[in-house]
Amino acid sequence: MAAEIIPWRATVLTLFPEMFPGPLGASLAGKALASGLWALEARDIRDSATDRHRSVDDTPAGGGPGMVLRADVLAAAIDAADSAADRPRDRPRLLMSPRGRPLTQSWVRELAAGPGPLIVCGRFEGIDQRVIEARRLEEVSIGDYVLSGGEIAAFAVIDACVRLLPGVMGKPASGAEESFSEGLLEYPQYTRPQDFEGRTIPEILLSGDHAKIAAWRQAEAEALTRARRPDLWAARQAPSAPRQKRPKNTTEG
Ligand code: SAM
């Protein structure tokens with residue numbers, strides 16, 4: 001008998017499960033979700049509250065503004081999410097957090113290659129430190145700014161992963177050629193019309209000479225990266241950085 005194939009699955013713990021699938025229900029990710037290429041489970045943290053008011057937060061120890069998500073309630077929510085028989089024991093447990101490790105394309109590739117993460121969306125001032133430690137949550141930031149909750153950050157993580165899953169993107173080359181894949185930002189893209197308000201498409205892209213087009217794109221990607229992201233450029237120049245060239249056939253999907 002053939003083994004059942006369990007698709008990549010994101011389990012999201014949130015106080016607002018009604019926000020999901022939200023934008024993940026549209027376009028590429030939405031179509032892939034509907035056709036079973038990945039699965040999404042949004043679970044309400046409040047279901048793990050134990051008092052009659054279904055409280056999930058309390059005032060910060062030591063004083064200060066706002067409220068803090070309780071360790072006992074969140075731990076129970078994580079344990080309940082992990083107790084289902086078909087949940088992989090070793091899936092990454094992420095906590096969306098502005099103080100977390102910045103999300104990168106290489107981390108996204110790692111997450112997309114695994115069974116799919118459990119993602120905790122914070123709210124209020126944050127969550128009790130003890131549950132981060134006790135349930136070994138890895139803090140992930142999507143940028144140096146503060147959102148009001150982790151849900152929008154979770155959308156970003158899931159969307160970035162889902163588009164890399166087999167069968168989701170139209171052309172397999174798309175994911176391999178885009179920004180960050182080789183430590184470079186992507187070259188500029190053009191399409192019809194050939195003349196837009198007096199701005200024309202660079203001649204070389206219309207030449208049909210694939211080697212020259214690939215070289216032009218490589219040079220543009222390098223120039224853009226040097227100008228806009230000196231940090232990426234410096235990392236690329238480091239001795240251990242990958243140096244491979246972009247593939248010749250460079251149609252973006
Ligand atoms: N007091 C927290 C601090 O200063 O670090 C900010 C809490 S924020 C109002 C509420 C929740 O939004 C966080 O617990 C986190 O889940 C989410 N969040 C906010 N900004 C984020 C970011 N840049 N990346 C990932 N998650 C973020």
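Every number for a ligand or one of its atoms is a count from 1 in the order of the listing. One is the number of the first residue; the rest follow in order along the sequence. No experiment lies behind these values; they were computed from the predicted model shown. Just so it is clear, the values below take in all heavy atoms, side chains as well, and ignore hydrogens, waters and symmetry mates.
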Visitor: Cation-pi between Arg101 and Trp107: NZ/CZ under 6.0 Å from ring centre and within 45° of the ring axis?
Guide: yes

Visitor: Does the N or O separation between Met96 and ligand 1 drop below 3.5 Å for any pair?
Guide: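 Looking only at distances, the answer is yes, because the N/O contact criterion of under 3.5 Å is met.
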
Visitor: Just distances here: any N/O of Ser148 and N/O of ligand 1 closer than 3.5 Å?
Guide: no

Visitor: Run down the list Gly122, Gly150, Pro65, Ser141 and name the one with the heavy atom closest to atom 14 (O) of ligand 1.
Guide: Gly122

Visitor: Atom 1 (N) of ligand 1: which protein heavy atom is closest, and how many Å away?
Guide: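 Residue, atom and distance for the closest contact: Glu125 O, 2.7 Å.
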
Visitor: Can you check whether Val12 reaches Leu40 side chain to side chain, under 4.5 Å on heavy atoms?
Guide: yes

Visitor: Pull out every atom of ligand 1 sitting under 4.0 Å from any heavy atom of Ala153, numbered as shown with elements.
Guide: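 Selected atoms, number and element: 25 (C), 26 (N).
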
Visitor: Salt bridge check, Arg46 against Asp44: does any charged N sit closer than 4.0 Å to a carboxylate O?
Guide: no

Visitor: Using 4.0 Å as the upper bound for N to carboxylate O, is an ion pair formed by Arg236 and Glu182?
Guide: no

Visitor: Considering only non-hydrogen protein atoms, determine which one is nearest to atom 25 (C) of ligand 1 and report residue, atom name and distance to 0.1 Å.
Guide: Ser97 N, 3.3 Å

Visitor: Run the salt-bridge test on Arg99 and Glu139 with the 4.0 Å N-O cut-off and return the result as yes or no.
Guide: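 Yes, Arg99 and Glu139 are salt-bridged.
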
Visitor: For atom 19 (C) of ligand 1, which of the options Ile119, Leu95, Leu147, Val157 provides the nearest non-hydrogen atom?
Guide: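 Minimum heavy-atom distance to atom 19 (C) of ligand 1 goes to Leu147.
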
Visitor: Assert yes or no for the condition that the ring centre distance of Phe20 to Phe155 is strictly below 6.0 Å.
Guide: yes

Visitor: Any sub-3.5 Å donor-acceptor pair from Ser179's side-chain atoms to Glu186's backbone N or O?
Guide: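 Yes, the answer is positive, given that a donor and an acceptor are paired below the 3.5 Å cut-off.
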
Visitor: Against heavy atoms of Ile142, which atoms of ligand 1 measure under 4.0 Å?
Guide: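 With Ile142 as reference, the close atoms of ligand 1 come out as 24 (N), 25 (C).
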
Visitor: Just to check, does Val140 reach to within less than 4.0 Å of ligand 1 when the distance is taken from its heavy atoms?
Guide: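 Val140: in contact with ligand 1 (<4.0 Å).
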
Visitor: Could you tell me, atom by atom, which parts of ligand 1 come under 4.0 Å of a heavy atom of Val146?
Guide: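 Those of ligand 1 that fall under 4.0 Å from Val146 are 6 (C), 8 (S), 9 (C), 20 (N).
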
Visitor: Is there a protein heavy atom less than 4.0 Å away from atom 23 (N) of ligand 1?
Guide: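 So far as the 4.0 Å threshold goes, atom 23 (N) of ligand 1 is in reach of a protein heavy atom.
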
Visitor: Heavy atom of Arg99 under 4.0 Å from ligand 1?
Guide: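 No.
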
Visitor: Could you give the distance from OH (Tyr190) to CG (Leu206), rounded to the nearest 0.5 Å?
Guide: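 Taking OH in Tyr190 and CG in Leu206, the distance rounds to 11.0 Å.
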
Visitor: Test your reading of the structure: does Gly143 have an N or O sitting under 3.5 Å from an N or O of ligand 1?
Guide: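 Yes, since at least one N or O of Gly143 sits under 3.5 Å from an N or O of ligand 1.
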
Visitor: Relative to the heavy atoms of Phe124, which atoms of ligand 1 are at a distance of less than 4.0 Å?
Guide: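 Contacts of ligand 1 toward Phe124, numbered from 1: 7 (C), 8 (S), 9 (C), 10 (C).
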
Visitor: From Leu147 CG over to Ile142 CD1, what is the distance, rounded to the nearest 0.5 angstrom?
Guide: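 Reported to 0.5 Å precision, the distance equals 5.0 Å.
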
Visitor: Regarding Arg136 and Glu138, does a basic nitrogen lie under 4.0 Å from an acidic carboxylate oxygen?
Guide: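 Looking at Arg136 and Glu138, the cut-off is not met.
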
Visitor: What residue and heavy atom of the protein are closest to atom 27 (C) of ligand 1, and at what distance?
Guide: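 The closest heavy atom on the protein side is Pro98 CD, 3.6 Å.
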
